[in-house]
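Each residue takes its place number in the sequence, starting with 1. Just so it is clear, the model here is predicted, and its values are computed rather than measured.
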Amino acid sequence: MFPRMLLWVAIIQPQLLSGLVWPLGIMTAISALIVLLAWRDVQDHQRSEKTHFTPKNPFEIKTALQMGALLAVVMFLAKALTEWFGDTGVYLLAGISGVGDVDAITLALSRMAGTDIASVTAIIAITIAAIINTVTKGSLATGVGGARLGRYVGLRFALMILSGLAGLGIVVWPFTIG
């Protein structure tokens with residue numbers, strides 16, 4: 001998810017990359033390390049049961065229309081909440097959006113950055129969406145897989161989140177001085 005978010009930003013608003021590469025880049029590195037270690041454990045304890053997964057085609061017209069509709073709603077809400085509540089509204093929308101999806105909020109805030117909202121606001125909000133989405137995925141893993149899986153995933157996700165917050169602190173800290 002984190003590299004995909006960085007890709008969206010690179011396409012829509014490349015000047016945000018220097019700020020987002022810290023929180024999302026660090027979270028990418030930590031998650032890649034976690035996956036590598038988990039993969040190594042799975043290789044050591046090869047499972048006898050194979051599962052078959054058939055991914056959906058993201059280019060289906062229904063999927064594209066749903067994404068377009070979601071993006072339109074998020075962009076409308078982002079503009080409205082910015083007008084009504086300023087940066088706090090953007091952060092609130094990012095948190096709510098992050099529960100379900102990060103793509104629409106990443107695209108919307110990337111478009112608004114530098115014109116409708118400050119770049120640092122977009123960076124913070126996109127990071128909030130990524131963190132909330134990670135928490136949501138951890139909660140789903142616990143709900144579906146039980147407490148044991150929840151602890152396993154939760155500890156690793158906590159490490160990812162804390163590293164992302166540290167990366168965000170590197171970006172935001174200069175704005176707090178003065």
Side-chain angles (χ1 to χ4, degrees), residues 1-38 58 67 70-142 150 153-178:
M1 167 181 73
F2 309 120
R4 186 180 70 238
M5 293 173 77
L6 289 170
L7 178 63
W8 285 130
V9 170
I11 292 168
I12 305 295
Q13 193 73 272
Q15 53 269 40
L16 287 181
L17 275 180
S18 62
L20 278 170
V21 76
W22 283 101
L24 298 185
I26 292 171
M27 291 173 85
T28 298
I30 296 295
S31 62
L33 180 62
I34 290 167
V35 168
L36 179 65
L37 293 174
M67 180 59 184
L70 180 61
L71 181 58
V73 168
V74 169
M75 288 193 73
F76 171 77
L77 288 174
K79 289 250 189 199
L81 289 173
T82 300
E83 288 294 319
W84 297 335
F85 303 110
D87 291 351
T88 304
V90 175
Y91 302 145
L92 177 65
L93 179 62
I96 293 168
S97 295
V99 170
D101 179 58
V102 294
D103 294 324
I105 193 72
T106 301
L107 291 168
L109 295 177
S110 294
R111 286 195 69 202
M112 294 174 68
T115 56
D116 297 321
I117 60 174
S119 293
V120 69
T121 301
I123 291 166
I124 293 168
I126 290 169
T127 304
I128 288 170
I131 288 171
I132 294 297
N133 193 266
T134 302
V135 169
T136 301
K137 289 174 181 174
S139 299
L140 288 171
T142 303
V153 169
L155 290 172
R156 284 144 185 87
F157 279 13
L159 179 61
M160 287 173 20
I161 290 167
L162 290 174
S163 67
L165 289 171
L168 184 61
I170 292 169
V171 175
V172 174
W173 181 71
F175 291 97
T176 62
I177 300 172

Asker: Which heavy atom of Ile30 sits nearest a heavy atom of Ser163, and at what distance?
Answerer: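 Shortest heavy-atom contact: CG1-OG, 3.5 Å.
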Asker: Measure across Val74 and Ala108 and return the closest heavy-atom pair with its distance rounded to 0.1 Å.
Answerer: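 Taking Val74 first and Ala108 second, the nearest heavy atoms are CG1-CB, 3.8 Å.
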Asker: Once you round to the nearest 0.5 Å, how far does CD1 of Ile105 lie from CG of Leu70?
Answerer: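 Taking CD1 in Ile105 and CG in Leu70, the distance rounds to 9.0 Å.
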Asker: Under the side chain to side chain contact (heavy atoms under 4.5 Å, CB included) rule, collect the residues that match up with Thr134, sequence neighbours excluded.
Answerer: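 For Thr134 the side chain to side chain contact (heavy atoms under 4.5 Å, CB included) partners, ignoring immediate neighbours, are Met1, Phe2, Met27, Phe157, Met160, Ile161.
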Asker: Heavy atoms only: give me the nearest Pro23-Leu20 pair and the separation to one decimal.
Answerer: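 What the structure gives for the nearest pair is CD-O, 3.4 Å.
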Asker: Return the set of residues passing side chain to side chain contact (heavy atoms under 4.5 Å, CB included) with Ala80 (not counting sequence neighbours), or none when no residue passes.
Answerer: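 Ala80: side chain to side chain contact (heavy atoms under 4.5 Å, CB included) contacts with Trp84.
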Asker: Grab the two heavy atoms, one from Gly150 and one from Thr142, that are nearest each other, plus how far apart they are.
Answerer: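 Taking every non-hydrogen atom into account, CA-OG1, 3.0 Å.
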Asker: Please name all residues satisfying side chain to side chain contact (heavy atoms under 4.5 Å, CB included) with Leu33, sequence neighbours left out, ordered by chain then number.
Answerer: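 With neighbours one apart ignored, the set is Leu37.
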Asker: For a quick test of your reading: what N or O donor-acceptor pairs under 3.5 Å do the side chains of residues 115-131 make, sequence neighbours left out?
Answerer:
| unit_1 | atom_1 | unit_2 | atom_2 | d |
| --- | --- | --- | --- | --- |
| Thr115 | OG1 | Met112 | O | 3.1 |
| Asp116 | OD1 | Lys79 | NZ | 3.4 |
| Asp116 | OD2 | Lys79 | NZ | 2.5 |
| Thr121 | OG1 | Asp87 | OD1 | 3.3 |
| Thr121 | OG1 | Asp87 | OD2 | 3.1 |
| Thr127 | OG1 | Ile123 | O | 2.8 |

Asker: Just how far is it from atom CG of Leu165 to atom CD1 of Ile170, taken to the nearest 0.5 Å?
Answerer: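 Result: 11.5 Å between the selected atoms.
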Asker: So, using side chain to side chain contact (heavy atoms under 4.5 Å, CB included) as the criterion, who are the partners of Thr136 when residues are at least two apart?
Answerer: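 Thr136 satisfies side chain to side chain contact (heavy atoms under 4.5 Å, CB included) with Val99, Ile132, Leu140 only.
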Asker: Output the distance between atom CG (Leu71) and atom CE (Met75), rounded to the nearest 0.5 Å.
Answerer: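 Separation between the atoms: 6.0 Å.
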Asker: Could you name each residue pair satisfying side chain to side chain donor-acceptor pair (under 3.5 Å) that touches residues 20-29, not counting sequence neighbours?
Answerer: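 Residue pairs passing side chain to side chain donor-acceptor pair (under 3.5 Å), neighbours aside: none found.
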Asker: Let me check something: any side-chain donor-acceptor pairs from residues 5-19 under 3.5 Å, sequence neighbours excluded? List them with distances.
Answerer:
| unit_1 | atom_1 | unit_2 | atom_2 | d |
| --- | --- | --- | --- | --- |
| Trp8 | NE1 | Asp103 | OD1 | 3.0 |
| Gln13 | OE1 | Gln15 | NE2 | 2.6 |
| Gln13 | NE2 | Ser110 | O | 3.0 |
| Gln13 | NE2 | Ala113 | O | 2.9 |

Asker: Determine whether Arg4 and Val102 satisfy the following criterion, side-chain contact (heavy atoms from CB on, under 4.5 Å), listing intermediate values before the conclusion.
Answerer: CA-CA 10 Å; Arg4 186 180 70 238; Val102 294; 3.8 Å; yes
